[in-house]
There are 2 protein chains.
Amino acid sequence: MSNTKVLPLLEPADGQGVVPCCPPLTERPMTAEEAETAARMFKALGDPVRLRLFSAVASHEGGEACVCDISDVGVSQPTVSHHLKKLKEAGLLTSERRGTWVYYRVEPSVLAAMGKLLALPTAA
Amino acid sequence: MSNTKVLPLLEPADGQGVVPCCPPLTERPMTAEEAETAARMFKALGDPVRLRLFSAVASHEGGEACVCDISDVGVSQPTVSHHLKKLKEAGLLTSERRGTWVYYRVEPSVLAAMGKLLALPTAA
DNA sequence: CACTTGTATTGATGAGCGTCAACATAGACA
DNA sequence: TGTCTATGTTGACGCTCATCAATACAAGTG
């Protein structure tokens, strides 16, 4: 089934890529709604196994990797699958089946938006 | 008591500020140890209330705020205190009592290190 | 000293999460 | 069709977490 809920940090822009959900953390206090959205992403990265999986995908050639390439993180196969699903639901990864294998990929714009969230004040 | 454990993402550098714990996520797959460290920080920001508290401190004048300035986030006072403690243990905030009030502050270098962790590959 | 305000801790409760074994599904190939 | 490999889902278990009321601690004021 493909009813996996995706509640991304970002919303698709008309042109290309995505647009950040929230202003930088340091710009002004986040509202409850903004915090709810952004916390979902941080939470998804808040588990060591998920962080390794995410890093493995993000650092793989072309920003994309087969599950078989990244599943050596010390937990069982169902657990890997479970964590990848969580990362997908958080909007951090997308997946696509090509023949026998399933490939996960990270949108560069997602990384960019996360970086902006943590941006330092320009003036300093 | 002041035995609050602090397990920071960063370690103090000799010169000034701090040095990042880990290479950018996209550079290479994180090791288990690196992931353990970095996930602690993401986990700390993975709760909406904590994220709002952190943002409130980070965006406050001088990167510092009294608890009384930021505790209007819709939860009880003990819960606010609990979350601030968690942020402290994650190395994201420091605190200091000055007279009646307690001030929390965020190290700019911590924000910078987090940003680097999410940095995009230079070539792209 | 007593009293008030600001902040931290304790203890309890209910919800959520990470993990696995077992099973299910999808595609490739003979 | 049957079988093999790759991946996802189900259900259960133990543990962690977010929250609160009650209480304790700290510092100021009278």
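Below, chains carry the letters A, B, ... as their sequence lines are ordered, and counting in each starts from 1. These numbers come from a predicted model, not from an experiment.
- In terms of modelled atom types and a separation under 3.5 Å, the side chain of B:Ser81 and the main chain of B:Gln77 share no donor-acceptor contact.
- Using modelled atom types, one side-chain atom of A:Ser55 and one backbone atom of B:Leu25 make a donor-acceptor pair closer than 3.5 Å.
- Across all strands, A:Tyr103 comes closer than 4.0 Å to no nucleic acid atom at all (heavy-atom distances).
- B:Lys86 places its NZ atom 10 Å from the P atom of D:dT19, with the value rounded to the nearest Å.
- Residue A:Thr100 is in sugar-phosphate contact alone, with no base atom involved, counting any heavy-atom pair closer than 4.0 Å across all strands shown.
- In this structure, B:Arg28 contributes its side chain and B:Met30 its backbone to no donor-acceptor pair below 3.5 Å.
- For the pairing with B:Leu117, the side chain to side chain contact (heavy atoms under 4.5 Å, CB included) check across B:Pro24, B:Cys22, B:Pro23 returns one residue only, B:Cys22.
- A donor-acceptor pair is defined here as one N or O able to donate and one able to accept, closer than 3.5 Å; no such pair exists between the side chain of B:Arg105 and the backbone of B:Glu107.
- For the side chain to side chain contact (heavy atoms under 4.5 Å, CB included) with B:Met41, the qualifying choice from B:Val110, B:Leu92, B:Leu87 is B:Leu92, the only one to do so.
- The distance from atom CG of B:Leu87 to atom C1' of D:dA18 is 13 Å, rounded to the nearest whole Å.
- Residue order along DNA chain D, read from the 5' end via each residue's closest nucleotide, puts A:Arg97 first among A:Pro78 and A:Arg97.
- The shortest distance between the side-chain N/O atoms of A:Tyr104 and the OP1/OP2 oxygens of D:dA6 is not below 4.0 Å.
- The separation between A:Leu84 atom CG and D:dA6 atom C1' is 13 Å, rounded to whole Å.
- The stretch residues 65-77 of chain B touches DNA chain D through B:Val75, B:Ser76, each having a heavy atom under 4.0 angstrom from the strand.
- Distance CH2 (A:Trp101) to P (D:dC4): 17 Å, rounded to an integer number of Å.
- Separation of atoms CZ (B:Phe54) and OG1 (A:Thr26) is listed at 9.0 Å; rounding is to 0.5 Å.
- For A:Val102, taking side-chain heavy atoms from C-beta onward, the closest of the listed nucleotides D:dT9, D:dG8, D:dG28 is D:dG8.
- Proximity of a side-chain donor or acceptor of A:Arg40 to a complementary backbone N or O of A:Ala90 within less than 3.5 Å is not detected.
- By the side-chain contact (heavy atoms from CB on, under 4.5 Å) test, B:Cys66 pairs with B:Cys68, B:Asp69, B:Trp101, B:Tyr103, sequence neighbours left out.
- Residue A:Lys85 places none of its side-chain N or O atoms closer than 4.0 Å to OP1 or OP2 of D:dT7.
- Residue order along DNA chain C, read from the 5' end via each residue's closest nucleotide, puts B:Val80 first among B:Val80 and A:Arg98.
- For the pair B:Ser95 and A:Thr79, nearest-nucleotide mapping onto DNA chain C gives the more 5' position to B:Ser95.
- Here the straight-line distance linking atom CZ of A:Phe42 with atom CE of B:Met114 works out to 7.0 Å at 0.5 Å rounding.
- Per the geometry, NE2 belonging to B:His83 stands 17 Å off P belonging to C:dT7, to the nearest Å.
- Rounded to whole Å, atom P of C:dT10 lies 12 Å from atom NE2 of B:His82.
- Rounded to an integer number of Å, the gap from A:Glu96 CD to D:dT7 C1' is 15 Å.
- Contacts between residues 43-64 of chain B and DNA chain D, defined by a heavy-atom separation under 4.0 Å, are made by B:Lys43, B:Asp47, B:Val49, B:Arg50.
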